[in-house]
Amino acid sequence: MSTESQIQLTLPDGSVREYDAGTTGLQVAESIGRGLAKAAVGIELDGEVMSLQLPITQSAAMKIFTRDSKEGLQVLRHSAAHVMADAVKRIRPKAKLWKGPPVDDPRYGFYYDIDFGDEPITVDDLPKLEELMREIIKSNVPFELRELDRPAAIKLMEEHNEDYKLATIAKIPEDQSLTFYHSGNFVDLCKGPHVPTTAKVGDGIAVLALAGAYFGDNADNKMLTRVYGHAFADKKAMAAHRKNLEEAAKRDHRRLGVDLDLFSTMGELGAGLILWHPKGGFVRHKVEEFWKNEHLKGGYDLVYSPHIAKSELWQTSGHLDFYKESMYSGIDIDGSEYLLKPMNCPFHVQMYKTKRRSYRELPFRWAELGTVYRYENQGSLHGLLRVRGFTQDDAHLFLREDQVEAEITRCLHFVVDMLRAFGFDEYEMMLSTRPDKSVGDDASWQKATEALRKALESVGLGYEMDEGGGAFYGPKIDVKIKDSIGRTWQCSTIQADFNLPERFDMTYIAKDGERTRPVMVHRALLGSLERFFGILVEHHGGAFPVWLAPVQAVILSVGERHADAVDQMSRTLKERLLRVDADTNSDKIGGKIRNHLWQEKVPMVAVVGDQEFENGTVTVRSRVGGDLGTMTVAEFGDMLEKMVANRE
RNA sequence: GCUGCUAUAGCUCAGUGGUAGAGCACCUCCUUGGUAAGGAGGAGGUCCUGGGUUCGAGUCCCAGUAGCAGCUCCA
């Protein structure tokens, strides 16, 4: 590290500027332009984000972040967290701070975990907190960085009674510096970066919610109070964010489940158990029908298995050892204990074992829409997305080693095609590798992981690694889809399994006549029908495409004299297996259109008045396409059929 | 499971310890009309369940159940 008196800063456009060493980022921004200085909240030097107000001592590649950039918002939100903690300490001086980072969450920009001791905070305090934040922001005190030696740092935190910060200091290696950011009387152990002064946090802030969070994110520890807030570049951006959330709430599958009469849950049944109403049930039927047909086309066989089995089966499979706490307790039948199935695999394995298998027969591809039951913590249940009884679109492949790579690649293409058929083009893919606690030899893990990787590369979509995130029995690919507010949920999965073939001593007779262990792959394309349906509802905002819609069209009578014709028309179309209802109520036509097209989210309505009555035609209006003009009933039927065929 | 909050009509929600409310939806009648709410009337309640305090509980307290937000977990 050399000390220079002049430093050279290379800007993103490639231009190089020279400054005195010790010039601050803010001064650099000012030298470039007043507007930039005003909007700037942080800088990056050689890839490291840093506070704007700190002196720059060395030549570097430099970027200046404005308050609306991704990195700038991080700095802004982190600073807002400090301001919020400052506000908290003003109304609860005894509160002890733990940590307050910015977060990448669709609804919250930052939080602060705080131990309120015997003076808890309530939601009624949140407006007061926000008001105090605005005062602190207005007071425009600078964020100042101070580096302290260990004894001084400990002394400072002792003075402030910050037990958790003292614990943090104890964990920081001796050779690492201890930095604090002061803003007025508030001080926090913190690496930064922060905006130069509190005023820079701006007016796009909100204190939003309270929740519990374990100290150290560990369920064995004490629970602290997490205060959530958000911060945007300005008021306008905050307003836009709130508007987005409102729009997202309208797409919430739990809301739409009630409004559109798709499904329900009820206390009398028990938590996490779903009632599929006729309309939701119909969409599920269409999903299942499509799914089954695609599997038959793809060389799969459909199989079925029971919902319960003797505990010995689960003992052999390993589920009783590894997942007992997720399984429902036993049912006594003739003195034997039976358990509800949490997975379908042991059944398929047993099916495999009913006879001697030859290498000539492989691969087997056995698919089942298998309903399983798993205990999930009450607090994790969430509409259709996390439930206790659900139907997996499961399949198990039993393969020779030489078939693994090709079959896995085939599976992944199947995943992508299936998701695309339902309108999903955006998802996250993860490749999860061997965890610490696992079975199987290194070579097998290596091979299977490579097969999965090659499959991912063959579909040409990006993926992330989750090192050590695999199942204990093998590596896997997971596909996650976003819900209406941007939370991701695992749907598709492809998993290699070295455990079950071993445990159940599965074999086939290889070409050389030797008993050989098959490779087993578990895969689900949709994940569970419940979860997938929930996300499907949110994806379409409840407005299903024609091929899935429980009601595809409603024919509306303008006046009383058109009622019989409308009934007749809907009957004609129903005979063509189109899902077309008649509305001959005495409401006005505008009201009927509003009801069906906009409230029930039916894709099409067809109006019949005097003119149509005379000619045997309908005037069609589509939810998405607007006025489609007048056509004969037969033509309307053709149009709907064509849309179904194209899966529109 | 943990922290906090919530539970009143089908839905959204008011309701101060003293006779249960509104809007929408529903039913009936009037209206027969032309592309996002025509009018009038009516019916609809175990105020989640159980216990407690009180002369009296939808309201206050406790427990359970269920839901919401987050944490933990998620084969």
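Letters A, B, ... mirror the listed sequences (proteins, then strands); counts begin at 1.
Checking B:U72, B:A75, B:G34 against the side-chain heavy atoms of A:Tyr473 singles out B:A75 as nearest. Proximity note for A:Ser586 (side chain, C-beta onward) versus B:U32, B:U35, B:U12: the nearest is B:U32. When distances are taken from the side chain of A:Met223 to each of B:A36, B:A75, B:G70, the shortest belongs to B:G70. Nearest nucleotide to the side chain of A:Arg255, out of B:A37, B:G70, B:C11: B:C11. For A:Arg386, the side-chain atoms get nearest to B:C74 when compared with the rest of B:A36, B:C74, B:U3. Relative to the side chain of A:Ala219, the nucleotides B:G33, B:G34, B:U72 differ in distance, and B:U72 lies closest. Side chain of A:Gln378, nearest nucleotide from B:G67, B:C71, B:A75: B:G67.
As rounded to whole Å, 15 Å separates atom C1' of B:U35 from atom CG of A:Asp610. Summarising the geometry, the separation between CD on A:Glu376 and C1' on B:A66 is reported as 17 Å, rounded to the nearest angstrom. For the pair A:Asp124 CG and B:C5 P, the interatomic distance rounds to 10 Å; values are reported in whole Å. In this structure, A:Glu600 atom CD and B:C11 atom C1' are separated by 14 Å, rounded to whole Å. Taking atom CZ on A:Phe613 and atom P on B:G33, their separation rounds to 14 Å, with Å as the unit.
For A:Arg254, a side-chain nitrogen or oxygen approaches OP1 or OP2 of B:A69 to under 4.0 Å. A close approach under 4.0 Å does not occur between any side-chain nitrogen or oxygen of A:Arg107 and OP1 or OP2 of B:C68. Here A:His382 reaches the OP1 or OP2 of B:A69: one of its side-chain N or O atoms lies under 4.0 Å away. Side-chain nitrogen and oxygen atoms of A:Arg226 include none within less than 4.0 Å of the OP1 or OP2 phosphate oxygen of B:G4.
A distance below 6.0 Å separates the ring centres of A:Phe232 and A:His241.
When atom types are taken as modelled, the side chain of A:Asp393 and the backbone of A:Gly527 share a donor-acceptor pair closer than 3.5 angstrom.
Both thresholds, 5.5 Å between centres and 30° between ring planes, are met by A:Trp598 relative to the base of B:A36, so the two rings are stacked. Evaluation of A:Tyr323 against the base of B:A75 yields a stacking contact (centre distance < 5.5 Å, interplanar angle < 30°).
The base of B:G34 sits within donor-acceptor range of the side chain of A:Glu612, with an N or O pair under 3.5 Å. Applying the 3.5 Å distance criterion, the base of B:G1 shares a donor-acceptor pair with the side chain of A:Tyr214.
The cationic group of A:Lys94 does not satisfy the cation-pi geometry with A:Phe116, failing either the under 6.0 Å distance to the six-membered ring centre or the 45° limit from the ring axis.
Map A:Ala471 and A:Gln611 each onto its nearest nucleotide of RNA chain B; the residue landing nearer the 5' end is A:Gln611.
A salt bridge does not link A:Arg251 to A:Asp483: none of the charged nitrogens lies less than 4.0 Å from a carboxylate oxygen.
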